[in-house]
*Asks:* 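My structure is below; once you've seen it, I'll send some questions.
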There are 2 protein chains.
Amino acid sequence: MAGTGVREVARRAVHAEITSAAEFLFREQGYDATTVDQIAERVGMSQRTFFRHVGTKEDLVLAEFDRQSERMVADLQSRPAGEDPWTSLRHAFEVVVGQREDPTVRERAKLMMSIVETSGTLRAAYFDRMDLVQRQLVDVLLGRAHNTESRVIMRALVGAAFAALHAVSENCDLDDGPDTFAADLDQVLARLAPAVV
Amino acid sequence: MAGTGVREVARRAVHAEITSAAEFLFREQGYDATTVDQIAERVGMSQRTFFRHVGTKEDLVLAEFDRQSERMVADLQSRPAGEDPWTSLRHAFEVVVGQREDPTVRERAKLMMSIVETSGTLRAAYFDRMDLVQRQLVDVLLGRAHNTESRVIMRALVGAAFAALHAVSENCDLDDGPDTFAADLDQVLARLAPAVV
DNA sequence: CCGTTGGTGACAGTAGCTGTCAAAGTTGCT
DNA sequence: AGCAACTTTGACAGCTACTGTCACCAACGG
């Protein structure tokens, strides 16, 4: 199902080229001011073909977040079932924390985030996807062997953890000092956690 | 600035009529399947005039939430500055809880929420607005006299409280039993709270 | 009574996105 | 190599939310 190899490679290459062109234009003129036609023209393809490869203009920016989300869900699944949710979530967040370690990747992530924050529709779509991951994480946690929590509580728990993640994320994207992401996250989570376990 | 009285009344009446027509159609065929043209035609006006009164199709559904948000911010502002944030927020949430008391209003709110949940763009816009209120609430709390919390912490705190609100909201909209909203909210908030104060 | 002001409709245009169809290119099998 | 099956592509047309423009009409004010 992974395609005929060659075709799949071609697809990825095209997709990468589109993404690169789009990012250039977004950085240059902003997300909203950049039209799909401009991106398509820059890559040298018709608008129709663009949409066959990309699906949505939003996806160009949010695809990265989706990949991260998938990994988060997978990571949470591979945590011991006996572990308390809060700790498990902190470990799942490691995929976000880890990406901050490489300065290049970090800057890229900041850029993406700043683009997201400038566009209303984009920001909205981002939040919607965050909600989706949260639901998936809740399902994972509820499905664990010795779980005793109700869905409502679990939803609130996961939501709270994400609130911490989001707060720290926002904060670190702002100041340009040394990246204190991991430390800040631990601090905020600790502030929210104690009763929660 | 409040208009010439007469005109303002007319405006409100027209707006109400549009809203009513829209809600009928949304309930009948769903949000996405209902076009702006259909709504405009039902009220007997041109599409252009519709947009002069409404601004956005989304607004027809989300205006109610905006009003609630405004009241929440106002309520939070009128709380004693010495009160701990968590308690203050619980009181601010009273505007949501209170609306659940009148069965008519409650059913209407449930309907609205169910419409929001069916449409992707609508859901996304809803989340974006929730984020906006949260930011406003954070600013209020940070502006209080004897506040010692950092912005990050406050953001996480407010986010956690909203996670609880959202979880309970989702839960109560599902089951049709007696409305246990207030009790559930208190329970979930208590579960999240203790360390927080 | 007339000028200003505000609402309205008709028209046209933009941006994102989808369906359709025929042409061109690829792949696989013989 | 040669042919049939499958994919990809571009051109065209269409839909929906939304905005700009302009002329028209009605109410309000002096």
Side-chain angles (χ1 to χ4, degrees), chain A residues 1-19 21-22 25-26 29-63 115-116 118-126 128, chain B residues 1-19 21-22 25-26 29-63 115-116 118-126 128:
Chain A
M1 248 309 167
T4 328
V6 183
R7 289 210 212 254
E8 193 55 24
V9 170
R11 269 197 83 77
R12 278 179 207 283
V14 173
H15 193 281
E17 208 175 334
I18 296 175
T19 303
L25 290 171
F26 290 162
Q29 3 168 309
Y31 176 84
D32 287 325
T34 303
T35 73
V36 167
D37 286 334
Q38 284 176 330
I39 305 172
E41 198 204 335
R42 192 155 213 277
V43 186
M45 60 173 57
S46 72
Q47 194 211 50
R48 194 66 188 84
T49 306
F50 168 93
F51 277 115
R52 273 193 275 253
H53 281 275
V54 164
T56 294
K57 191 185 167 191
E58 288 171 1
D59 285 348
L60 285 172
V61 180
L62 300 181
I115 293 176
V116 169
T118 57
S119 163
T121 61
L122 206 46
R123 219 175 37 229
Y126 168 78
D128 194 33
Chain B
M1 247 310 170
T4 330
V6 183
R7 296 213 204 243
E8 193 54 26
V9 170
R11 269 198 80 79
R12 277 179 207 283
V14 173
H15 193 281
E17 208 175 332
I18 297 175
T19 304
L25 290 171
F26 290 162
Q29 2 167 309
Y31 177 83
D32 287 325
T34 303
T35 74
V36 166
D37 285 337
Q38 285 177 329
I39 305 173
E41 198 204 335
R42 190 155 216 276
V43 185
M45 60 173 56
S46 73
Q47 196 212 49
R48 194 66 187 86
T49 305
F50 168 92
F51 276 114
R52 272 193 275 254
H53 280 276
V54 162
T56 294
K57 192 185 168 190
E58 287 171 0
D59 285 348
L60 285 171
V61 180
L62 299 180
I115 293 177
V116 169
T118 58
S119 163
T121 61
L122 205 48
R123 219 175 38 228
Y126 167 78
D128 194 33

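Here is the naming used below: chain letters follow the sequence lines, and residue numbers restart at 1 for every chain. Computed from a predicted model, the values in this text were never measured in an experiment.
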*Asks:* Counting only side-chain nitrogens and oxygens, does His53(B) get under 4.0 Å of the OP1 or OP2 atom of dG7(C)?
*Replies:*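 For His53(B), the contact criterion (side-chain N or O under 4.0 Å from OP1 or OP2 of dG7(C)) is not met.
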*Asks:* What's the CD-P distance between Glu17(B) and dT8(C), to the nearest Å?
*Replies:*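 In whole Å, dT8(C) P lies 11 Å from Glu17(B) CD.
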*Asks:* Using a 4.0 Å heavy-atom cut-off to protein, can you give one letter per nucleotide of nucleotides 14-25 of chain C, 5' to 3': B if the base is in contact, S if only the sugar-phosphate is, - if neither?
*Replies:* -SSBBBB-----
*Asks:* Rounded to whole angstrom units, what separation is found between the CG atom of Leu62(B) and the P atom of dA17(D)?
*Replies:*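 One finds 15 Å between P of dA17(D) and CG of Leu62(B), rounded.
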*Asks:* Any side-chain to backbone donor/acceptor pair from Thr56(B) onto Asp59(B)? Under 3.5 Å, distance only.
*Replies:*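 Pair absent, no side-chain N/O of Thr56(B) close to backbone of Asp59(B).
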*Asks:* Report yes if some heavy atom in the side chain of Ile18(B) is under 4.5 Å from a heavy atom in the side chain of Phe50(B); otherwise report no.
*Replies:*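 SC-SC contact between Ile18(B) and Phe50(B) confirmed.
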*Asks:* Hey, does the side chain of Tyr31(B) reach the backbone of Glu58(B) with a donor-acceptor pair shorter than 3.5 angstrom?
*Replies:*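 Yes, because the side chain of Tyr31(B) sits within donor-acceptor range (under 3.5 Å) of the backbone of Glu58(B).
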*Asks:* Of all heavy-atom pairs between Tyr126(B) and Leu62(B), which one has the smallest distance, and what is that distance?
*Replies:*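 Between these two residues, the closest heavy atoms are N-CD1, 3.9 Å.
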*Asks:* For a quick test of reading the model: is some side-chain N or O of Thr49(B) closer than 4.0 Å to OP1 or OP2 of dT8(C)?
*Replies:*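 Negative; the distance criterion is not met.
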*Asks:* Glu8(A) CD to dC6(D) P: how many Å, rounded?
*Replies:*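 Rounding to the nearest Å, CD of Glu8(A) and P of dC6(D) are 19 Å apart.
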*Asks:* Quick check: closest heavy atoms across His53(A) and His15(A), and the distance to 0.1 Å?
*Replies:*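 Heavy atoms of His53(A) and His15(A) come nearest at O-CD2, 3.5 Å.
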*Asks:* Could you tell me which non-hydrogen atom of Ala125(B) sits nearest to which non-hydrogen atom of Ala124(A), and how far apart they are?
*Replies:*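 Distance-wise, the nearest heavy atoms are N-CB, 3.9 Å.
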